[in-house]
Amino acid sequence: MPEASKLRIAIIGAGIAGLTAAIALKDEPGVDVQIYEKTSELREVGATIALGPNGMRTLDRLGVTDALDESVAFRNESQHPMVYRHYQTGEVVSFDTHSESVEERHHTARFFRPHLQQTLARHINPGTLHLGKAFQSCAFDEELQKLVVSFADGTIVLADILLGADGIHSPVRQFFVPTSKTRITGWTTFRSVFPISHVEHITDLPREAVHIWGPDRTLFVTPLAQGLFSVVGSHQEDPEAPPGTAQYQVSTWDSKGSVDDLRQFYKSWSPLVRAIIDATPYTKVYPNSAADALTTWVLGDGRITLAGDAAHAHGGAYAAGGSLAVDDGWAFAQAVRQLLRGHQGGSIGGPTPSSEISGLEIKEALSIYERTRKPHTDRVQETVQRRNESMVRRIGKVESDKELRARISNRPDLRWIHEHNVVDEFSQALAIISTNRPNGVNQLP
């Protein structure tokens with residue numbers, strides 16, 4: 001099929017969601033997918049990222065099996081997704097579990113972010129990735145019947161569909177929904193990843209992903225693949241505090257932090273925790289942000305949509321953001337595939353030329369994607385917002401040891417997030433559309 005006749009999809013952002021969408025569509029003959037990334041090199045910002053069973057299943061489904069390999073994915077030997085310890089005694093107070101239906105290779109895994117991004121990038125055609133392309137604007141050209149996407153370097157591209165997968169501060173989202181700006185939640189994390197040799201001398205060093213809870217903060221530590229170790233501290237401030245009184249809200253994402261601050265935060269914790277902090281060679285600061293759920297993900301004239309943090313700027317979804325992004329990318333690709341296969345025009349036995357696909361049909365396909373993902377991510381955002389609000393309310397309150405242990409043990413069961421079945425949700429979305437238009441929708445391929 002000539003390139004000019006293919007359905008052109010411009011993906012803004014080469015993070016987890018954007019790369020997954022591109023991988024899911026790379027073998028579709030009627031689609032031309034191009035990825036535009038604002039940075040000059042493909043570099044994931046951050047430290048660790050987790051994928052729950054939902055994300056791991058989706059990558060397996062897409063053939064990205066090297067992301068499941070222990071060379072990049074670290075899983076707890078106990079097979080518990082997370083182990084919770086007491087901040088002073090170090091004892092295991094509780095732990096999460098997987099459902100019996102989750103296969104071992106799909107158990108929750110932790111990654112060094114660059115390792116996961118590099119693994120995903122190996123599954124796309126390098127020629128489809130364009131670096132140094134910061135999104136600037138997008139408009140539909142009636143004469144060309146194409147989206148005209150402009151970048152800060154003065155270049156433009158034409159597309160039939162635009163997918164904004166450009167992160168929590170998404171320029172694409174803000175361009176189409178100017179009121180959708182992120183706000184500081186007051187929660188700040190301090191992250192570092194370094195060779196495990198820095199901490200291997202420590203007696204009883206945790207060899208699994210462990211979340212240590214104290215009355216006013218937590219500490220997350222975990223080994224990672226390829227001989228790495230990660231430490232993630234946290235600090236809660238009041239997001240409504242007067243300017244100048246909240247120390248970290250003015251910090252820049254991924255900026256240099258102070259290990260001395262961490263030592264102060266955890267000075268009353270167990271000797272094990274203090275030893276880990278003392279051995280931590282550096283830390284970086286990540287002030288947390290969030291935005292309200294959007295009314296719709298189908299934007300502009302119906303040819304634009306969002307994925308990942310750009311679609312649901314939740315602000316810390318219980319380490320589920322990576323899996324949400326992966327499932328978004330898969331569901332978007334399935335909606336596009338459904339658009340092509342469900343179309344009645346085009347040459348018999350071949351892909352439908354993009355000129356024969358109407359804007360209304362594209363809008364309907366993106367609505368199927370939205371119907372698949374948005375109800376679930378809206379619920380996630382509501383849950384995270386309640387959690388964030390409760391953390392602010394707890395600032396300065398004294399908590400007894402009994403209350404702390406109860407809070408750890410009675411934490412909510414979040415398997416509905418981590419084990420969400422995107423395939424079932426997509427099938428249900430198709431069934432709804434099929435009911436409304438009985439003869440127009442094929443079954444999930």
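Just so it is clear, the model here is predicted, and its values are computed rather than measured.
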Compute the centroid of each ring, for W297 and then for Y369, and state whether the two points are separated by less than 6.0 Å.
yes
How about D327 and T58: does a side-chain donor come under 3.5 Å of a side-chain acceptor?
yes
side-chain contact (heavy atoms from CB on, under 4.5 Å) with T372: of V422, D328, D424, V423, only one passes, and it is V422
Nearest-0.5 Å distance that lies between atom CH2 in W187 and atom NE2 in H235:
13.0 Å
Give me the one residue out of V177, T296, L294, L163 that meets side-chain contact (heavy atoms from CB on, under 4.5 Å) with L306.
L294
Given I11, L147, L299, T305, the one that forms side-chain contact (heavy atoms from CB on, under 4.5 Å) with L162
L147
Would you say P53 and H418 make side-chain contact, with heavy atoms under 4.5 Å?
yes
Does a donor on one side chain sit under 3.5 Å from an acceptor on the other, for H80 and T97?
no
Could you check whether R373 makes a cation-pi contact with W330, meaning its NZ or CZ is under 6.0 Å from the centre of the six-membered ring and within 45° of the ring axis?
no
Is there a side-chain contact between I417 and Y318 in this structure, where contact means two heavy atoms from C-beta onward sitting under 4.5 Å apart?
yes
R341 with E28: basic N within carboxylate O range, under 4.0 Å
yes
Do L51 and S323 have side-chain heavy atoms sitting under 4.5 Å apart?
yes
Atom NZ of K133 and atom CD1 of I35: how far apart are they, to the nearest 0.5 Å?
14.5 Å
Would D32 and Q34 count as having a side-chain donor-acceptor pair, cut-off 3.5 Å?
yes
Distance from H130 atom NE2 to D153 atom CG, nearest 0.5 Å?
11.5 Å
Can we say D216 and R394 salt-bridge, meaning some charged N sits less than 4.0 Å from an Asp/Glu carboxylate O?
no
Between R173 and D166, does any side-chain N to carboxylate O distance fall below 4.0 Å?
no
May I ask you to check whether F190 and Y286 place their ring centres under 6.0 Å from each other?
no
How long is the straight-line distance from CG of L430 back to CD of E425, given to the nearest 0.5 Å?
11.5 Å
Going from CE on M82 to OG on S94, what distance comes out if it is rounded to the nearest 0.5 angstrom?
11.5 Å
Do E91 and R405 sit within salt-bridge range, that is, some charged N less than 4.0 Å from a carboxylate O?
yes
As a quick check of understanding, evaluate ring-ring contact (aromatic ring centres under 6.0 Å, His included) for F135 and F175, giving each step before the final call.
CA-CA 10 Å; F135 172 84; F175 180 81; 5.8 Å; yes
For the pair R57 and E103, find out whether any cationic side-chain nitrogen is under 4.0 Å from an anionic carboxylate oxygen.
no
Residues D60, R105: salt bridge by 4.0 Å N-O rule
yes
Measure the CG-CG distance between D96 and D413 for me, rounded to the nearest 0.5 Å.
8.0 Å
